[in-house]
Amino acid sequence: MRIITNSVRKIHGDKPGNKAIYLTLAFTLLIWLLIASLHCLAFYKDTLRTRPDAKMSFEYITILPGYILLAAISCGFAIAFSTKNENWPSSKDMLLSACLTIVLGLPVLSGLAVFMDTTLNHPAYTMQAALSKRPGFFYFTDAALLLFSYLMQAAYAFWLKSQAENLAYIQQNNESLALRLRLLQGQLKPHFLFNALNSISALVRTADRQLASSALEKLSELLRYVVHSGKHEWLSVADEIAFTKAYLDMQMLRYGERASISWNMANEAWQDLACPPLLFQPLVENAIHHGVEQNHEICHLQIELARKNDMLEFRISNPLFKQTCNKKGHGLGLSASRDRLAILYGSRATLKTTAATDSYTAILEFPLLFLKQT
């Protein structure tokens, strides 16, 4: 074991990342020790039929050198495969290596077995006589063990390679999704800012400086949250609700008595539950655009937030009137929200919109997660 370990150190060094090869070598030696023990037990049982005074330790010494050779060959293959990494051998090279292992190893392994047998069990036999009396099945067994010493390491190395490739693919896919998520969140920020500035611009045109000044103060608070949200993948539901209410307060400065809002929220520890930043705001913005901005009638928005088993449901409804203008939005907020939900939750989250005769409802459902889990 010391010789093998020193060889590994010369090839790989003593870096912590090489612990895997040391574990592989240790596991390889353990496997061959187990096979040698089983072989010795079976051989000892057969020997007792002709020699009742046979000792198991003596039989073990007889076969042990052969298994030490097999273990050394197997460890050599383990070291060789660990250096391949990217340059994995072709099928032709692997077949050639397996054949060479048998052709070169069989004379050595069989010769060692015969030498130990003549030395310990039949000292009167010559090597030539012992080879001629040796059953042919023993040569087949030696060849199978040599082939196993190669295939065991090849199969394990191939499994490690496939695991590394799968891990690299998953990591690359996660990085791609993370980039896509940042782009989507980045799209929402200027979209939010554009609509907020549009509301302030409308206040400025009314020449109501006090309302415009209040709106600018609220916008500065909202922007601080937007900047803060860019540093975190998850925030609490309570933070998102506070941001959404602040956004609605700013919009209400513009629409005044034309709009009203009712909140229906269950009594939950919302500060402990996780939520992606800027998740509710696009739905609220969509309701304002279609329910308040395009009409001159009184509009009432209804917002509900509830926990349903392991899901959270955010629901917002706005009335539909006979349109006095035909100003259509570009749907960026809702489409970006759906894409973000798909990346973060997969098929577990949904965003549905339904239009009835006199109302429009958006229902957002996403899995319940605690902040300490994210």
Side-chain angles (χ1 to χ4, degrees), residues 1-48 54-85 88-89 93-95 97-117 119-121 137-167:
M1 180 63 181
R2 182 178 297 178
I3 296 175
I4 295 173
T5 302
N6 291 337
S7 300
V8 174
R9 285 175 177 171
K10 290 180 181 179
I11 296 174
H12 296 278
D14 268 329
K15 298 179 181 179
N18 297 322
K19 289 182 179 179
I21 184 62
Y22 290 113
L23 290 175
T24 301
L25 295 179
F27 188 65
T28 299
L29 293 176
L30 184 62
I31 289 177
W32 284 113
L33 180 61
L34 178 61
I35 295 175
S37 300
L38 292 174
H39 185 176
C40 177
L41 184 61
F43 194 67
Y44 173 68
K45 183 178 179 182
D46 291 340
T47 304
L48 286 177
K55 295 181 179 180
M56 186 172 179
S57 58
F58 188 80
E59 303 297 338
Y60 202 86
I61 294 174
T62 303
I63 67 170
L64 189 59
Y67 280 100
I68 292 176
L69 176 62
L70 287 168
I73 293 173
S74 189
C75 288
F77 285 132
I79 297 172
F81 279 116
S82 69
T83 61
K84 290 299 180 183
N85 294 330
W88 185 256
D93 292 337
M94 293 187 68
L95 180 60
S97 299
C99 292
L100 286 175
T101 301
I102 297 175
V103 171
L104 299 178
L106 185 58
V108 178
L109 183 61
S110 298
L112 181 60
V114 171
F115 173 78
M116 295 300 298
D117 184 52
T119 301
L120 299 177
N121 296 326
F137 182 75
F138 285 6
Y139 294 103
F140 171 78
T141 303
D142 291 343
L145 289 172
L146 286 166
L147 185 61
F148 175 73
S149 70
Y150 177 80
L151 294 180
M152 175 178 64
Q153 300 301 339
Y156 181 65
F158 183 79
W159 179 80
L160 286 180
K161 181 175 180 291
S162 64
Q163 291 295 311
E165 289 177 350
N166 289 338
L167 184 62

Listed pairs under 3.5 Å, donor-acceptor, residues 143-151 side chains, sequence neighbours left out:
unit_1, atom_1, unit_2, atom_2, d
S149, OG, L146, O, 2.5
Y150, OH, M94, O, 3.3

(message) Is the ring pair W159/Y156 parallel, tilted or perpendicular, if the boundaries are 30 and 60 degrees?
(response) parallel
(message) Can you tell me how far apart CG (L30) and CG (L25) are? Round to the nearest 0.5 Å.
(response) 12.5 Å
(message) Whether the side chain of S110 engages the backbone of P107 through a donor-acceptor N/O pair (distance < 3.5 Å, no angle test) should be reported.
(response) no
(message) Rounded at 0.5 Å granularity, tell me how far CG in L33 sits from CG in L29.
(response) 8.5 Å
(request) To the nearest 0.5 angstrom, please state how far the CZ atom of F77 sits from the CE atom of M152. (result) 10.0 Å
(message) What's the separation between atom OG1 in T101 and atom CG in L109, rounded to the nearest 0.5 Å?
(response) 12.0 Å
(request) Ignoring hydrogens and angles, tell me if any N or O in the side chain of S74 forms a donor-acceptor pair with the backbone of L70 under 3.5 Å. (result) no
(request) Would you mind reporting whether T24 and S82 have side-chain heavy atoms less than 4.5 Å apart? (result) no
(message) Are the side chains of F158 and Q163 in contact, using a 4.5 Å heavy-atom criterion?
(response) no
(message) Are the side chains of I35 and I31 in contact, using a 4.5 Å heavy-atom criterion?
(response) yes
(message) Can you tell me how far apart CH2 (W32) and SG (C75) are? Round to the nearest 0.5 Å.
(response) 10.0 Å
(message) Is any side-chain heavy atom of L69 closer than 4.5 Å to one of I73?
(response) yes
(message) When you compare the side chain of Y67 with that of H39, does any pair of heavy atoms fall below 4.5 Å?
(response) yes
(request) With the side chain counted from C-beta on, respond yes when M116 and I63 share a heavy-atom pair under 4.5 Å apart, and no when they do not. (result) no
